[in-house]
Asks: 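What follows is a single structure, and I will ask about it in a moment.
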Amino acid sequence: MALFLVLAAALSAVCTQAKTSEQLLDDRGRADTSAINARSDFFSYEGRFDFTSSSDSVRSDWPCSRVSFGVDVEGYSDGEVVFAHKSLKSRLNASAWRADGTIAYSTIFSGPSAEGFHGVPLQEDALKIPSDSSYVTLRKLTQAAPYGTGIGEKLLAGSVFEFHGLTSVDGVTVKNAAKKGRVVEYIGASDSAGYCVEGTPEMDGSIDLYLNGWEWDNCDLATPGLLGHHFDAELHVEAEGGMGLTQNANARIPAFEGEEPLPFFWAKQTLLTDKYPTFDPKAKPLNPDLVVISLGGNDYNHQHGNVPSNETFSEAYEAFLLSIFDAYEANPTTIILSVCGQGSPAEASFDPDNNRCSPCPHVEDALVDFKAKHADFADRAELALVPCDGSVVTGEGDIGCNGHKNAVGQREVFEHIKPIVSNLLNW
């Protein structure tokens with residue numbers, strides 16, 4: 001059935017003409033983004049962006065990747081900026097922020113669900129900038145591979161955000177945004193990517209969910225986005241539905257999610273959906289204050305009993321933690337927090353082979369082994385268990401589509417780990 005839906009999506013992609021605003025072209029037929037080019041020093045970028053494929057644009061596919069810039073509004077009336085972007089299967093949260101971190105104005109831009117006959121059209125979308133605004137952000141809400149990282153990704157184009165800059169600036173002076181003093185990296189699977197956050201259980205099993213499920217992703221309302229906003233931190237997210245540490249969901253059928261688990265992509269690829277350009281974590285180290293890892297659920301769920309041994313899982317966990325510490329060796333205080341659980345008592349009724357707390361003993365054992373073998377990192381690798389007994393996620397009003405948490409459920413998890421993060425880093 002899943003393969004049929006992927007093939008149906010491919011047919012839909014070929015037959016559908018994307019609906020976007022009129023393209024902005026110069027006299028050579030190229031995108032005219034001369035107002036402020038995407039390569040301007042005014043723009044700062046959070047998340048993994050590819051700066052190599054074009055001289056006048058940058059692109060990203062990981063969820064929660066974000067462009068930011070500062071603004072001064074001239075006079076007392078609202079200003080406006082117009083973004084130029086190509087955003088296939090992508091939703092973007094465009095927001096104007098006050099200096100105190102509250103939102104002055106926000107809206108969602110959506111790209112086409114399929115390429116047109118001439119590729120992905122260039123869109124222009126205007127954002128009102130209220131007079132009390134201090135800075136502006138444009139954040140990708142959708143995960144990179146809406147149809148999985150297996151055959152679906154090979155047959156269909158993924159969700160890619162390509163930023164070309166600002167084509168129009170009215171009543172606003174653009175400047176550099178103040179650099180955030182904290183850096184958080186969040187590594188995980190579907191919940192971390194914001195999958196189905198805006199969906200409802202009534203959508204489960206529908207063709208629309210499988211073909212256009214990206215329309216209900218929202219990384220901003222997921223735990224990583226909430227964490228970054230609350231602690232006023234620069235946020236970098238590498239998360240994708242179905243991914244595991246040692247194996248991906250439904251590993252017995254690798255065509256669904258592919259054979260490479262998330263650590264492979266973390267270590268090698270700037271974009272999840274494109275193996276070029278390659279990524280070297282040490283070439284331009286991020287050196288975060290906090291790295292959150294939420295992996296293991298797909299290793300032990302949706303596997304029909306074909307799960308890794310404790311030894312195999314521990315060895316893989318050790319290797320991944322060491323690779324992270326090695327990449328960020330310039331920051332001797334980076335802390336890795338492993339988050340496990342986050343389930344509800346209602347999960348088994350949705351999928352008997354799904355218990356988000358089942359990997360937690362394995363994650364806990366892996367951390368115990370790691371601390372015993374690597375005393376120099378022992379005080380920098382911690383665990384946060386999020387119970388599945390209904391004390392955090394209840395299963396009542398906090399579940400979106402496909403058994404995943406909605407915005408209420410994501411906030412419940414965030415509220416549980418917030419004091420843990422605060423205590424670990426004295427934030």
Side-chain angles (χ1 to χ4, degrees), residues 45-50 59-66 140 143-145 148-150 153 158-160 183-195 219 222-224 227-228 234-249 251 257-299 308 312-331 334-340 359 363 366-367 370 377 380-381:
Y45 294 94
E46 299 175 41
R48 293 187 181 180
F49 277 85
D50 168 25
R59 61 184 186 136
S60 179
D61 61 357
W62 294 102
C64 269
S65 54
R66 185 165 85 163
K140 184 176 186 288
Q143 60 180 338
T149 52
E153 181 54 37
S159 168
V160 179
V183 180
V184 173
E185 182 175 22
Y186 211 110
I187 303 167
S190 52
D191 280 327
S192 304
Y195 172 67
C219 182
T223 301
L227 198 69
E234 183 179 308
L235 178 66
H236 300 255
V237 177
E238 294 90 39
E240 174 63 35
M243 303 299 279
L245 177 77
T246 64
Q247 62 179 1
N248 298 329
E257 298 294 346
E259 296 183 353
E260 293 85 7
L262 190 56
F264 171 89
F265 295 98
W266 181 88
K268 296 188 176 183
Q269 295 186 204
T270 302
L271 277 68
L272 176 74
T273 60
D274 191 340
K275 63 181 179 180
Y276 300 108
T278 56
F279 181 76
D280 180 0
K282 299 192 73 171
K284 189 178 179 181
L286 181 64
N287 295 326
D289 302 289
L290 175 69
V291 178
V292 180
I293 301 175
S294 182
L295 291 172
N298 289 315
D299 297 74
T312 297
F313 188 81
S314 290
E315 288 176 353
Y317 218 93
E318 176 190 15
F320 193 35
L321 265 60
L322 286 176
S323 66
I324 293 172
F325 280 128
D326 179 62
Y328 305 140
E329 62 180 349
N331 184 356
T334 295
I335 291 176
I336 297 178
L337 176 65
S338 296
V339 174
C340 190
V363 174
L367 281 174
F370 180 84
F377 296 126
R380 295 168 57 194

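Note that these values count all heavy atoms, side chains included, but never hydrogens, waters or copies made by symmetry. Count residues from 1 along the sequence. The model shown is predicted, which means the values in this text are computed figures rather than measured ones.
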Asks: Just so I know, are the side chains of V237 and S65 near enough to count as touching, which here means a heavy-atom distance under 4.5 Å?
Replies: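 SC-SC contact between V237 and S65 ruled out.
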Asks: Report yes if the side chains of I293 and I324 come closer than 4.5 Å at any heavy-atom pair, otherwise no.
Replies: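 They are in side-chain contact.
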Asks: Using modelled atom types only, decide if a donor and an acceptor are shared between the side chain of R380 and the backbone of T334 within a distance under 3.5 Å.
Replies: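 Yes, the answer is positive, given that a donor and an acceptor are paired below the 3.5 Å cut-off.
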Asks: Please tell me if the side chains of E234 and L286 come closer than 4.5 Å, counting only heavy atoms from C-beta onward.
Replies: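 Of all side-chain heavy-atom pairs linking L286 with E234, at least one is under 4.5 Å.
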Asks: Measuring from atom CG of L271 to atom CZ of F265, what distance do you get when rounded to the nearest 0.5 angstrom?
Replies: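 Rounded to the nearest 0.5 Å, the CG-CZ separation comes to 11.5 Å.
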Asks: Check the surroundings of atom OH in Y276: do more than 12 heavy atoms from other residues, nucleotides or ligands lie under 6.0 Å from it?
Replies: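 Count not over threshold, so no.
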Asks: Could you give the distance from CD (E46) to CD (E185), rounded to the nearest 0.5 Å?
Replies: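 With rounding to 0.5 Å, CD (E46) is 12.5 Å from CD (E185).
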Asks: Heavy atoms only: give me the nearest A189-N298 pair and the separation to one decimal.
Replies: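 Minimum heavy-atom separation between A189 and N298: CB-ND2, 3.5 Å.
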Asks: Looking at side-chain heavy atoms only, is the closest gap between S338 and L367 below 4.5 Å?
Replies: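 In contact.
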Asks: Looking only at heavy atoms, what is the nearest atom pair of V363 and L295, with distance?
Replies: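 Scanning both residues completely, I find the closest heavy atoms to be CG2-O, 4.0 Å.
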Asks: If you take all heavy atoms of A381 and L321, which pair is closest and at what distance?
Replies: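 Minimum heavy-atom contact is CB-CD2, 4.2 Å.
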Asks: Looking only at non-hydrogen atoms, find the nearest pair between L235 and P224 and report the distance.
Replies: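 Reported closest heavy-atom pair: CD2-O, 3.3 Å.
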Asks: Can you tell me how far OG of S159 sits from NZ of K140, rounded to the nearest 0.5 angstrom?
Replies: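 Spacing of NZ (K140) from OG (S159) equals 3.0 Å.
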Asks: So do the side chains of D274 and D61 get within less than 4.5 Å of each other, counting heavy atoms only?
Replies: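 Side-chain contact under 4.5 Å: no.
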Asks: Could you pull out the closest heavy-atom pair between P261 and M243, with the gap in Å?
Replies: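 Scanning both residues, the minimum pair turns out to be C-CE, 3.7 Å.
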Asks: Less than 4.5 Å apart, any side-chain heavy atom of V292 and any of T223?
Replies: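 Side chain of V292 against side chain of T223, heavy atoms only: no contact under 4.5 Å found.
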Asks: Donor-acceptor pair, distance only, cut-off 3.5 Å: does the side chain of D50 make one with the backbone of R59?
Replies: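 Such a contact is absent between D50 side chain and R59 backbone.
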Asks: Output the distance between atom OH (Y45) and atom NE2 (H236), rounded to the nearest 0.5 Å.
Replies: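 One gets 13.5 Å once the value is rounded to the nearest 0.5 Å.
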Asks: For Q269 versus F279, what's the shortest heavy-atom pair and its separation?
Replies: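 Residues Q269 and F279, closest heavy atoms: C-CB, 3.4 Å.
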Asks: Given 3.5 Å as the limit, does a donor-acceptor pair link the side chain of R48 with the main chain of E238, or not?
Replies: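 No; judged by distance alone, with no hydrogens or angles, the pair does not exist.
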Asks: Between E240 (side chain only) and A145 (backbone N and O only), is there a donor and an acceptor less than 3.5 Å apart?
Replies: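 Flag set: sc E240 to bb A145 pair under 3.5 Å.
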Asks: Would you say that T149 contacts E260 through its side chain, given a criterion of any heavy-atom pair below 4.5 Å between the two side chains?
Replies: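 T149 vs E260: side chains apart.
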Asks: Step by step, would you call L290 with L337 a side-chain contact (heavy atoms from CB on, under 4.5 Å)?
Replies: CA-CA 7 Å; L290 175 69; L337 176 65; 3.9 Å; yes
Asks: Just by modelled atom types, is the T270 backbone N or O under 3.5 Å from a matching donor or acceptor in the W62 side chain?
Replies: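 Answer holds: yes.
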Asks: So, do Y317 and F370 sit near enough that their side-chain heavy atoms are less than 4.5 Å apart?
Replies: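 Sidechains of F370 and Y317: no contact.
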Asks: Has the side chain of D299 got a donor or acceptor atom that lies under 3.5 Å from a matching backbone atom of Q247?
Replies: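 Yes; judged by distance alone, with no hydrogens or angles, the pair exists.
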Asks: Would I336 and V291 count as a side-chain contact (heavy atoms from CB on, under 4.5 Å) here? Give the steps.
Replies: CA-CA 5 Å; I336 297 178; V291 178; 4.2 Å; yes
Asks: Counting distance only, does the side-chain N/O of T278 pair as donor-acceptor with the main-chain N or O of K268 below 3.5 Å?
Replies: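 No.
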Asks: Mind checking whether F320 and W266 have parallel, tilted or perpendicular rings, split at 30° and 60°?
Replies: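 Rings of F320 and W266: perpendicular, as their planes differ by over 60°.
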